[in-house]
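See below for the structure under consideration.
In what follows, every chain begins at residue 1, and chains take the letters A, B, ... in the order their sequences are listed.
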Amino acid sequence: MTDKVRVRFAPSPTGSLHIGGARTALFNLLFARHSGGTFILRIEDTDTERSTEESVAQIIRSMKWLGLDWDEGPDKGGDYGPYFQSQRLELYRKEAERLLKEGKAYYCYCTPEELAARREAMMKAGKAPRYEGLCRNLTEEDRKRYEAEGRKPVIRLKVPQEGQTVVEDIIRGTVVFENSVLDDFIIMKSNGMPTYNFACVVDDHAMGITHVIRAEEHLSNTPKQILVYKALGYELPKFAHVPMILAPDRSKLSKRHGATSVEEFRDQGYLPQAIINYLTLLGWSPPDGEEIMSMEKAIKEFTLERVNKTAAIYDVKKLTWLNSHYLRELDLDYITEQVIPFMVKKGIITQEDAEQNYEYIKRVVAVSRDRSKTLDELADAIAFFFKDVEEYEEKGVKKHFCKENAAELLLKGAEALEKLEEFTHESTEHAFRSLTDAMGVKAAELIHPTRLAITGRTVGPGLFDIIVLLGKEKTVSRMRKAAEWIKNNEKI
RNA sequence: GGCCCUGUGGUCAAGUGGUUAAGACACCGCUCUUUCAAGGCGGUAACAGGGGUUCGACUCCCCUCAGGGUCACCA
């Protein structure tokens with residue numbers, strides 16, 4: 001075995017990848033890349049009841065979308081595969097068998113029902129619900145009798161009842177557990193599948209994992225796993241338990257807290273760069289305090305020592321701020337490509353439009369993207385470039401259309417634009433300003449109603465950017481249509 | 001309930017015995033401006049509580065409280 005760092009992210013495919021899992025994966029990747037090590041993805045699908053193929057696919061999809069690329073694992077292969085625990089059953093059986101032979105583990109024939117009943121009784125008696133080692137010293141006859149009853153045994157590890165198990169955690173320091181609080185836990189289920197605490201250890205050893213970096217919820221499992229390491233004669237890896245990510249109400253993240261899965265954020269129009277940047281800052285901070293950072297920079301600066309111990313409450317507002325930052329800073333073509341699916345989904349354009357008018361869409365995005373926080377929002381914000389204005393924002397109508405001269409100004413403005421040979425930012429602006437100068441009104445008195453007329457809104461990009469992109473024909477007709485609308489509504 | 005972890009502004013988060021206790025998001029002003037953003041400038045706001053140790057504690061120790069995790073043939 002070499003000193004080379006090998007870490008893994010080991011999700012169980014029982015749901016989508018949520019931001020907590022993504023953050024754990026990210027920290028593993030950051031640590032691996034920082035130290036020139038290997039990042040492994042291992043699917044822990046030993047729960048045959050709850051694991052699904054769809055979930056595996058979704059996790060993989062989310063990780064790829066985020067740019068969390070693994071070196072070994074599904075789709076990649078590697079020298080330590082297979083990377084699905086369900087395909088490694090022989091290994092677990094072999095190791096469990098060894099423990100049995102060495103007298104470090106034993107068969108237990110207690111049924112789940114019996115166990116549950118006893119657990120309940122112990123709880124009622126105010127005692128800690130632990131397995132008391134009933135089957136620890138079964139005779140050969142006992143076993144035969146149980147087998148004859150058709151009972152399927154599980155395999156339990158013999159846990160020492162004396163002494164302590166110490167976890168040396170890179171983030172939390174030394175954590176001591178009394179062995180007396182542990183019981184003889186199950187390592188192999190009656191259906192032949194290993195339990196988490198067993199499979200995880202066997203695999204981490206078999207795959208040469210040097211650092212186990214995972215969420216804090218596993219800290220309490222660690223002494224059990226250390227006992228397995230010892231029983232199996234394995235060398236211990238280093239442990240690092242990263243703080244949890246909590247919902248705004250300080251509780252564990254769940255569906256009722258709105259978006260928590262990576263795909264939900266994606267569908268809401270968040271960029272992977274923003275999510276990664278945000279997650280990087282949750283539980284870790286760079287030495288220089290500079291918060292806007294690419295994954296490359298995070299890799300350069302990431303150390304486990306700077307990971308903090310306290311659970312973090314995730315704050316969508318900050319994620320959103322980062323998202324708007326990347327929306328305006330990232331490559332224009334990239335953002336354009338990202339926003340198109342949202343436009344298509346909303347029926348603003350068709351896929352064909354997108355292909356034919358790509359350059360135009362790109363120009364629209366260029367003048368508009370500064371103002372949106374998400375791709376979804378951006379798609380809405382630029383819709384008027386592609387669809388006619390159906391209605392005018394109410395507060396804008398009150399403000400800009402209810403003035404005496406609004407319709408007249410619009411008409412005159414339209415006329416001025418129509419006469420233009422050259423239709424540029426400069427020429428249209430000049431036309432507007434000379435018109436208002438001649439009329440003795442402020443340019444704003446024409447600008448505001450015009451924006452409302454051609455976009456339906458009071459907010460948006462610079463007016464002349466809009467006018468030029470919209471083109472003479474559409475601009476003029478929308479202005480006239482608005483003037484008409486104003487006249488009709490005055491009568492009422 | 002037992003065990004374990006944690007406790008700096010609303011949120012993220014620097015800080016490792018002596019600091020005017022950084023910074024970011026959010027919020028509030030001002031500024032820029034054709035609107036809205038962005039930008040610039042400024043502002044409100046924190047060491048959970050109580051005991052120790054020390055010349056001196058946000059920093060070390062203990063207790064309390066609070067939050068979280070875990071005690072499954074889930075991971």
Side-chain angles (χ1 to χ4, degrees), chain A residues 10-14 44-47 49-51 85 108 110-112 115-116 119 123 126-130 152-156 167 169 171-172 175-178 180-183 185-191 193-197 199-200 214-224 241 243-244 246 248 250-252 278 281-292 306 308-322 324-325 328 368-373 381 396 399-400 429 432-433 442-448 450-452 455 457-464:
Chain A
S12 72
T14 53
E44 307 221 326
D45 54 353
T46 53
D47 184 345
E49 298 284 307
R50 299 195 300 150
S51 296
Q85 289 191 324
C108 167
C110 300
T111 64
L115 256 16
R119 204 163 24 231
M123 295 270 265
K127 284 194 288 188
R130 26 196 315 283
K152 289 263 191 239
V154 298
I155 299 175
R156 287 181 185 271
V167 180
D169 191 279
I171 295 168
R172 273 145 227 287
V175 184
V176 180
F177 294 85
E178 293 295 330
S180 56
V181 307
L182 271 21
D183 63 0
F185 58 91
I186 295 170
I187 57 175
M188 290 296 278
K189 306 176 198 174
S190 57
N191 67 358
M193 298 297 271
T195 58
Y196 163 70
N197 284 127
C200 170
R214 77 225 312 187
E216 191 192 342
E217 55 187 320
H218 293 295
L219 183 56
S220 306
N221 284 319
T222 309
K224 292 185 188 176
H241 288 91
M244 312 256 318
L246 268 24
R250 295 207 127 275
S251 70
K252 207 170 173 177
Y278 180 66
L281 264 18
L282 227 44
W284 179 81
S285 61
D288 65 5
E290 189 50 60
E291 299 201 314
I292 302 264
R306 282 193 71 86
N308 63 209
K309 308 185 220 288
T310 55
I313 295 171
Y314 90 96
D315 176 19
V316 200
K317 292 238 182 78
K318 190 155 181 175
L319 204 211
T320 304
W321 167 71
L322 280 163
S324 57
H325 168 83
R328 58 176 181 270
S368 307
R369 62 169 166 169
D370 285 12
R371 270 157 276 259
S372 295
K373 291 174 162 46
K399 222 167 164 181
H400 309 302
E429 179 161 9
F432 263 38
R433 293 199 187 276
K442 281 201 244 171
E445 289 194 47
L446 173 57
I447 288 172
H448 294 309
T450 302
R451 172 178 290 104
L452 187 59
T455 71
R457 305 179 183 209
T458 56
V459 304
L463 183 72
F464 305 104

Would A/Phe464 and A/Phe432 satisfy ring pair (Phe, Tyr, Trp, His ring centres under 6.0 Å), going step by step from the backbone distance to the final call?
CA-CA 10 Å; A/Phe464 305 104; A/Phe432 263 38; 5.7 Å; yes
Looking at B/C74, does its base get a donor-acceptor pair with the side chain of A/Arg50 below 3.5 Å?
yes
More than 12 non-hydrogen atoms from neighbouring residues, nucleotides or ligands closer than 6.0 Å to NZ on A/Lys399, yes or no?
no
Give a yes or no on whether a salt bridge exists between A/Glu216 and A/Lys309, defined as a side-chain N under 4.0 angstrom from a carboxylate O.
no
Is the distance from OP1 or OP2 of B/A14 to the nearest side-chain N or O of A/Ser285 less than 4.0 Å?
yes
List every contact pair, protein side and nucleotides 2-4 of chain B side both N or O, where the distance is under 3.5 Å.
none

Counting side-chain heavy atoms from CB outward, which of B/A13, B/G68, B/A75 is closest to A/Asn308?
B/A13
Please give the distance between the P atoms of B/G7 and B/G42 as a whole number of Å.
32 Å
Check whether any side-chain nitrogen or oxygen of A/Arg306 sits under 4.0 Å from OP1 or OP2 of B/G15, and answer yes or no.
yes
The nucleotide from B/A75, B/A14, B/C73 with an atom nearest the side chain of A/Asn221 is B/A75
Has the side chain of A/Thr14 got a donor or acceptor atom sitting under 3.5 Å from an opposite partner on the base of B/C74?
no
Without hydrogens or angle criteria, can the side chains of A/His241 and A/Arg214 be said to hold a donor-acceptor pair below 3.5 Å?
yes
According to a strict under-4.0 Å criterion, is A/Lys189 in side-chain N/O contact with OP1 or OP2 of B/C74?
yes
What verdict does the side chain to side chain contact (heavy atoms under 4.5 Å, CB included) test give for A/Met193 and A/Met188, after you've listed the backbone C-alpha separation in whole Å, the side-chain angles of each residue and the deciding distance to 0.1 Å?
CA-CA 6 Å; A/Met193 298 297 271; A/Met188 290 296 278; over 6 Å; no
How does protein contact run along nucleotides 22-35 of chain B, one letter per nucleotide 5' to 3', with B for base contact, S for sugar-phosphate only, - for none, heavy atoms under 4.0 Å?
-BBSS-------BB
Of the nucleotides B/A14, B/G68, B/C73, which has the atom closest to the A/Thr195 side chain?
B/C73
Among B/C73, B/C5, B/C71, which nucleotide has an atom closest to any side-chain atom of A/Lys224?
B/C71
NZ/NE/NH1/NH2 to OD/OE distance under 4.0 Å, A/Arg50 and A/Asp47
yes
Among B/A13, B/G69, B/C73, the nucleotide that comes nearest once only the side chain of A/Lys252 is considered:
B/G69
